[in-house]
Amino acid sequence: MTTTISDPRQGAMDSIGARIRYLRETKGWTQERLAHEADVSKSFISEVEKNRRNPSAEKLLGIATVLGASLDFIIKGEGMTPEGPPPPVTIPHELAEAAEEKGWPYKHVIAVLEAWNSLVARRNKDGRPAMTKKNWIEFYDKIRSHLE
Amino acid sequence: MPQLRRASSVIQIARDLGLSGNDPVGAILDHCHAKIESWGNGFKGTLTLSRLHQLVDDHLDLQHVVVTTNDELDELIREQIAQRELAAAALRDEFANGTEAITFRLRHARVGMRRNLSVIDGRGDRAVRVYFGKRHESSHLLSMAPTQLDLVFRRTHAVKNVAEEQLMDRISGEIAFYRPLFKPELDRLQRRYGRPCFQLIEDLRNEVCSDASWYATGLATVEQNDVPALFLTASYAAKTADQGHPGASLALRASARGNAAARRAGLIIPWNYRIPPGSVIYDVFHSPSTLSEVHADERLGIWTASNGSRLRDLPIHILVRRYGNHVVAIVTLN
């Protein structure tokens with residue numbers, strides 16, 4: 001299924017050029033910056049954004065990589081809708097204990113849990129214990145100033 | 001390897017991926033290889049090693065950010081917090097406490113942007129590990145079942161254990177120097193020299209994998225070689241049985257990684273054998289002023305262990321040089 005995504009600032013993103021332009025501007029980059037990062041000329045980026053040039057698969061992959069964007073989105077404009085609301089959560093026992101002891105507001109507990117759940121992997125030679133009450137308190141302290 | 005096969009975390013990863021059998025490590029590696037191969041086959045352009053890495057990251061919905069200064073790290077944290085990615089607030093402490101790279105799922109990624117962000121600490125001494133670090137983070141996602149990223153209470157790789165780390169390093173090695181792309185280039189360039197050598201490592205870095213460290217490229221050059229060869233690093237250390245014991249006597253030993261051809265030919269140097277004073281490796285190690293590459297023809301039979309046993313007396317050719325604070329050598333059969 002192909003979904004044409006539009007953005008109020010950009011209009012319909014119905015071409016490769018329009019989507020590259022949208023992604024570039026989302027990052028706050030100029031055409032010069034994108035050209036430099038992707039190791040192509042500025043005129044190349046300009047032509048592509050105006051749909052006057054069909055970039056090769058290699059060039060598109062390079063552009064997607066430096067923009068941190070999905071190649072599928074650039075080529076087809078599909079599949080990259082924003083992530084929906086999270087499903088209902090269960091608060092781990094250790095986190096609940098920490099929250100009760102410290103008197104954290106409920107919305108903070110949810111925010112802490114969401115932040116922790118967003119960690120997918122970490123590379124640490126020493127390893128890490130599973131989350132204990134103490135770990136939750138330490139993690140909360142790291143992000144607390146950003147919770148309001 | 002046998003220990004890794006039996007590790008419960010490794011068995012669990014295989015199970016999550018729907019893999020069965022007696023060798024979960026081999027099954028996971030095959031699984032990752034099949035995925036990469038299918039992505040490569042679906043790409044409509046010409047693949048190089050660096051493009052393959054880009055393609056793998058694209059399929060994993062992953063972008064890497066390497067921070068090389070404190071200011072870059074601060075700026076990244078500010079940017080992510082501004083986009084309500086609160087996990088980023090923990091980055092400074094994570095990196096200060098031994099974490100070298102961390103991957104998190106962006107909760108508020110903009111339309112069209114990749115949703116997994118790996119932040120790699122490339123400051124100071126950690127810079128040399130960035131290339132491998134990127135592949136390591138990709139390995140975590142590559143070895144997760146798709147549903148694990150969608151569940152709220154999923155098994156993540158955020159809580160680590162040693163076996164899982166070793167497994168990720170194995171997968172990283174497969175991706176970093178992906179054999180179907182690296183080996184033909186290795187064979188092509190090696191025709192200039194006939195056997196693995198230090199200049200070949202430089203050539204490969206110049207032409208095939210410019211982002212990879214010299215050391216990692218050296219290991220891959222030997223491991224994927226059809227010529228029997230060892231890549232070794234010399235250091236003073238205790239033998240295995242004495243490690244961790246205070247007062248254990250130290251000897252100059254070799255940490256040697258060999259290829260399949262070397263194993264078949266009996267070209268093996270176990271850790272417990274000492275680098276003999278008659279070897280050029282010993283000489284270079286004890287001559288810090290030797291900066292250039294040195295080579296010599298020797299016999300492996302001069303290597304001994306503390307119990308008096310000797311290595312098989314094979315004729316060998318040794319190339320040795322300094323690499324930072326280390327002494328490394330490439331050993332081939334004569």
Side-chain angles (χ1 to χ4, degrees), chain A residues 5-7 13 19-20 22-23 26-27 56-62 64-75 77 80-83 86-90 92 111-131 138-139 141-147, chain B residues 43-46 48 51 54-55 57-59 61 63-65 81 84-90 92-94 97-118 120 133 136-137 139-141 144 149 151-154 156-162 165 168:
Chain A
I5 298 164
S6 62
D7 182 284
M13 289 182 277
R19 288 187 286 272
I20 288 177
Y22 155 77
L23 292 164
T26 294
K27 282 187 79 79
S56 64
E58 293 91 339
K59 288 274 196 303
L60 284 176
L61 179 61
T65 299
V66 298
L67 286 171
S70 155
L71 185 59
D72 247 11
F73 173 77
I74 289 179
I75 294 175
M80 294 302 293
T81 50
E83 205 153 83
V89 296
T90 305
V112 165
L113 186 57
E114 184 184 286
W116 173 253
N117 278 334
S118 71
L119 297 178
V120 175
R122 65 154 65 78
R123 179 173 204 186
N124 185 320
K125 283 186 215 130
D126 302 327
R128 272 284 163 125
M131 288 301 273
E138 285 173 2
F139 189 65
D141 287 341
K142 287 174 194 171
I143 69 170
R144 68 185 305 172
S145 61
H146 307 288
L147 289 174
Chain B
F43 184 64
K44 292 188 169 58
T46 306
T48 60
R51 277 194 205 120
Q54 293 178 352
L55 188 67
D57 291 337
D58 180 64
H59 279 275
D61 209 5
Q63 60 170 313
H64 301 286
V65 175
I81 296 293
R84 292 176 292 144
E85 303 293 353
L86 295 187
R92 207 175 288 109
D93 284 350
E94 286 283 346
N97 291 323
T99 298
E100 295 177 1
I102 193 161
T103 298
F104 53 97
R105 180 83 166 162
L106 297 175
R107 297 283 164 171
H108 308 282
R110 290 181 176 150
V111 170
M113 292 297 190
R114 296 182 191 172
R115 286 186 282 202
N116 295 307
L117 176 69
S118 109
I120 297 169
H136 187 98
E137 295 308 294
S139 301
H140 281 292
L141 294 173
M144 282 182 183
L149 288 171
L151 298 171
V152 172
F153 286 105
R154 62 193 184 275
T156 74
H157 294 197
V159 178
K160 290 256 160 283
N161 65 58
V162 173
E165 281 294 277
M168 293 309 133

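Chain letters run A, B, ... following the sequence lines, proteins first and then strands; every chain starts at 1.
With a 4.5 angstrom heavy-atom cutoff, B:D57 does not touch chain A via any of its atoms. Residue B:S118 does not touch chain A at all, counting heavy-atom pairs closer than 4.5 Å. If you measure heavy-atom distances from A:I74 to chain B, you find no contacts under 4.5 Å at all. Neither the backbone nor the side chain of A:S56 has a heavy atom closer than 4.5 Å to any heavy atom of chain B.
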Show your working on side chain to side chain contact (heavy atoms under 4.5 Å, CB included) between A:T65 and B:H64 and close with a plain yes or no. CA-CA 9 Å; A:T65 299; B:H64 301 286; over 6 Å; no
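Your options are A:R19, A:H146, A:E138, A:R144, and the one with the most heavy-atom pairs under 4.5 Å with chain B is A:H146.
Distance check: A:D72 CG to B:H59 NE2 gives 7.5 Å after rounding to the nearest 0.5 Å. Note that CD of A:E114 and CZ of B:R105 are 12.5 Å apart. Values are rounded to the nearest 0.5 Å. In this structure, NZ on B:K44 lies 13.0 Å from CG on A:L61, to the nearest 0.5 angstrom.
Within the 4.5 Å cutoff, no side-chain heavy atoms of A:K142 are placed close to those of B:L86.
Closest of all the heavy-atom pairs between B:A87 and A:A115 is CB-O, 3.4 Å. Here the shortest heavy-atom pairing between A:L71 and B:D58 reads N-OD1, 2.8 Å. B:T46 approaches A:E58 most closely through the heavy-atom pair N-OE2, 2.7 Å. Nearest heavy-atom pair across B:R110 and A:Y22 is CB-OH, 4.2 Å. The heavy-atom pair separating B:A90 from A:F139 by the smallest distance is CB-CE1, 3.9 Å. Between A:A57 and B:G45, the closest heavy-atom pair is CB-N, 3.8 Å.
The number of heavy-atom neighbours closer than 6.0 Å to NZ of A:K27, taken from other residues, nucleotides and ligands shown, is above 12.
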